[in-house]
Amino acid sequence: MSVSVAAATALVVALPAAPASADGGLHAVDLGTLTGTCCSQAIAINDHGVVVGESQVGTGENPPSRAFRWKDGVMTDLGTLGGPTSAATAINNNGWIVGYSTLADGVTTHAFLWRPGLGMIDLAPSTVTSLASGVNDSGMVVGRYVTGGELRGFRWVNGVFSDLNTPDGSGFDANAVNKHGKIAGTHVSQPATWKNGITVLSGLVGEGMAINDSGDVTGHYSLSAAGVFLWRADGTVLAQTLPPNTAVARATGINESRHTVGYRMTPSGNFRAVYWSEFGTPNLLPGLVPGGQSMAWGMNRLGQTVGLARLNTTGSEYHAVLWTR
């Protein structure tokens, strides 16, 4: 396995921090919860508009959460691997869903794959701790696991679990995978991709969070300045610094049009979901109430975006949200 650095040939285009504009033509749909009580969040959406995420079940302080699938207005509990909690993190266009779940001991967490008609299976039964973060239409699953006290990346294909790390053990944390099997993630605190070896993207300090089928990667960085980036497959890097009155910005999803979603946080701790078009002017997505806080996690080819939004401006309850036109 090799490690290469794309920074030597990449052109980094520093985009000026831009003030946010209105909602970009999207409106927020409240997806509700599994039990009708607080709280839920949507993490991913496929090109058919099927949404996955997690929703608390039960009442009281710190109730457990369950992985859900939302389709045609109906939210379904996907169950667990025997423990009280689970969460879904990604879905492909065949309806395969991945995420993580506690086992019967209520403590150990393992990566899972859920398939229509087949239910949930443990992808890494021999690991101490693991979680799945991405799945493509060929059924390749990627994620992270702990072994020997170290966090490492993995790939699962047709029942075969493989480690993604370099021979020197320097590590690769996998976050997402496209249809060609190229994986976006992080290598030694730098955004990187993995396919038959690791390619570090432009030497930025940060994390690669999402990848489209063209090989464009988005994520966040921090060095002399902090912000979000779009690494295009041609090697050009669009890096946007934090806009005014912003303490943190994260890009978490990307589609084939190079539209990107994520969130920003003000110094006072208020979050707002953001939608970029090739890192032009950031559009603040509408909340469920005027001025309500929100975060965006994923999007599909149509630009439909999912995340969470607060139910009011003062409370802490939040629901899974679908932003659509």
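What's counted below: heavy atoms across the whole structure, side chains too, no hydrogens, waters or symmetry copies.
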Are [X] and [Y] connected, step by step, through hydrophobic side chains (Ile, Leu, Val, Met, Phe, Trp, Tyr) whose heavy atoms are closer than 4.5 Å?
X: Trp70; Y: Leu26; result: no
X: Val141; Y: Met120; result: no
X: Val261; Y: Tyr263; result: no
X: Val57; Y: Phe68; result: yes
X: Leu284; Y: Val306; result: no

For [X] and [Y], which heavy atoms make the closest approach, and how far apart are they?
X: Ala192; Y: Leu201; answer: CA-CG, 3.9 Å
X: Ala88; Y: Ile97; answer: CB-CG2, 3.6 Å
X: Trp276; Y: Gln240; answer: NE1-OE1, 3.0 Å
X: Leu288; Y: Ala309; answer: CG-CB, 3.7 Å
X: Pro286; Y: Ala28; answer: O-CB, 3.7 Å
X: Ala90; Y: Gly134; answer: CB-CA, 3.8 Å

Look only at the side chain of [X] and the backbone of [Y], and say whether a donor-acceptor pair between them is shorter than 3.5 Å.
X: Asn255; Y: Met299; value: no
X: Asn212; Y: Ser257; value: no
X: Thr252; Y: Met209; value: no
X: Thr89; Y: Ile43; value: no
X: Ser55; Y: Leu34; value: yes
X: Arg144; Y: Ala174; value: yes
X: Thr33; Y: Thr37; value: yes
X: Ser86; Y: Gly79; value: yes
X: Asp213; Y: Lys179; value: yes
X: Asn175; Y: Gly185; value: no

Measuring from atom [atom1] of [X] to atom [atom2] of [Y], what distance do you get when rounded to the nearest 0.5 angstrom?
X: Leu103; Y: Thr108; atom1: CG; atom2: OG1; answer: 5.0 Å
X: Tyr318; Y: Gln56; atom1: OH; atom2: CD; answer: 5.5 Å
X: Tyr145; Y: Thr127; atom1: OH; atom2: OG1; answer: 8.5 Å
X: Leu322; Y: Gln304; atom1: CG; atom2: CD; answer: 5.5 Å
X: Asp173; Y: Ile183; atom1: CG; atom2: CD1; answer: 12.0 Å
X: Leu308; Y: Glu54; atom1: CG; atom2: CD; answer: 9.5 Å

Measure the shortest side-chain to side-chain distance between [X] and [Y] over non-hydrogen atoms and say whether it is less than 4.5 angstrom.
X: Arg115; Y: Leu113; value: yes
X: Val289; Y: Arg310; value: no
X: Val228; Y: Thr218; value: no
X: Leu302; Y: Thr324; value: no
X: Ser133; Y: Val98; value: no
X: Phe112; Y: Thr80; value: no
X: Trp323; Y: Ser294; value: yes
X: Lys195; Y: Thr193; value: no

Exercise for the section: If a pair satisfies side-chain hydrogen bond (donor to acceptor under 3.5 Å, both in side chains) and one of its residues is in residues 95-104, list it, with sequence neighbours excluded. Expected result: Thr85-Thr102

Problem - Check against side-chain contact (heavy atoms from CB on, under 4.5 Å), Val157 and Arg155 - result: CA-CA 7 Å; Val157 181; Arg155 178 181 63 172; 3.8 Å; yes

Handout entry: Positive for side-chain hydrogen bond (donor to acceptor under 3.5 Å, both in side chains) with Arg66, one of Thr35, Asp77, Thr76
Key = Asp77

Practice task
Evaluate whether atom CG of Asn158 has more than 12 neighbouring non-hydrogen atoms of other residues, nucleotides or ligands under 6.0 angstrom away.
Solution key: no

Exercise for the section: May I have the step-by-step check of side-chain contact (heavy atoms from CB on, under 4.5 Å) for Arg232 and Leu238, ending in yes or no? Expected result: CA-CA 8 Å; Arg232 298 196 302 212; Leu238 304 180; 4.1 Å; yes

Problem - Under the salt bridge (Lys or Arg N to Asp or Glu O under 4.0 Å) test, residues paired with Arg152 that sit two or more places apart - result: Glu150, Asp163

Handout entry: Set of residues satisfying salt bridge (Lys or Arg N to Asp or Glu O under 4.0 Å) with respect to Asp47, sequence neighbours excluded
Key = Arg301

Handout entry: Check: Glu256/Ser214 side-chain N/O donor and acceptor closer than 3.5 Å
Key = yes

Practice task
Please name the residue in the list Asn178, Asp216, Val217, Ile211 that meets the side-chain contact (heavy atoms from CB on, under 4.5 Å) test with Ile254.
Solution key: Asp216

Problem - Aromatic ring pairing Phe229/Tyr221, orientation class (parallel under 30°, perpendicular over 60°, tilted between) - result: tilted

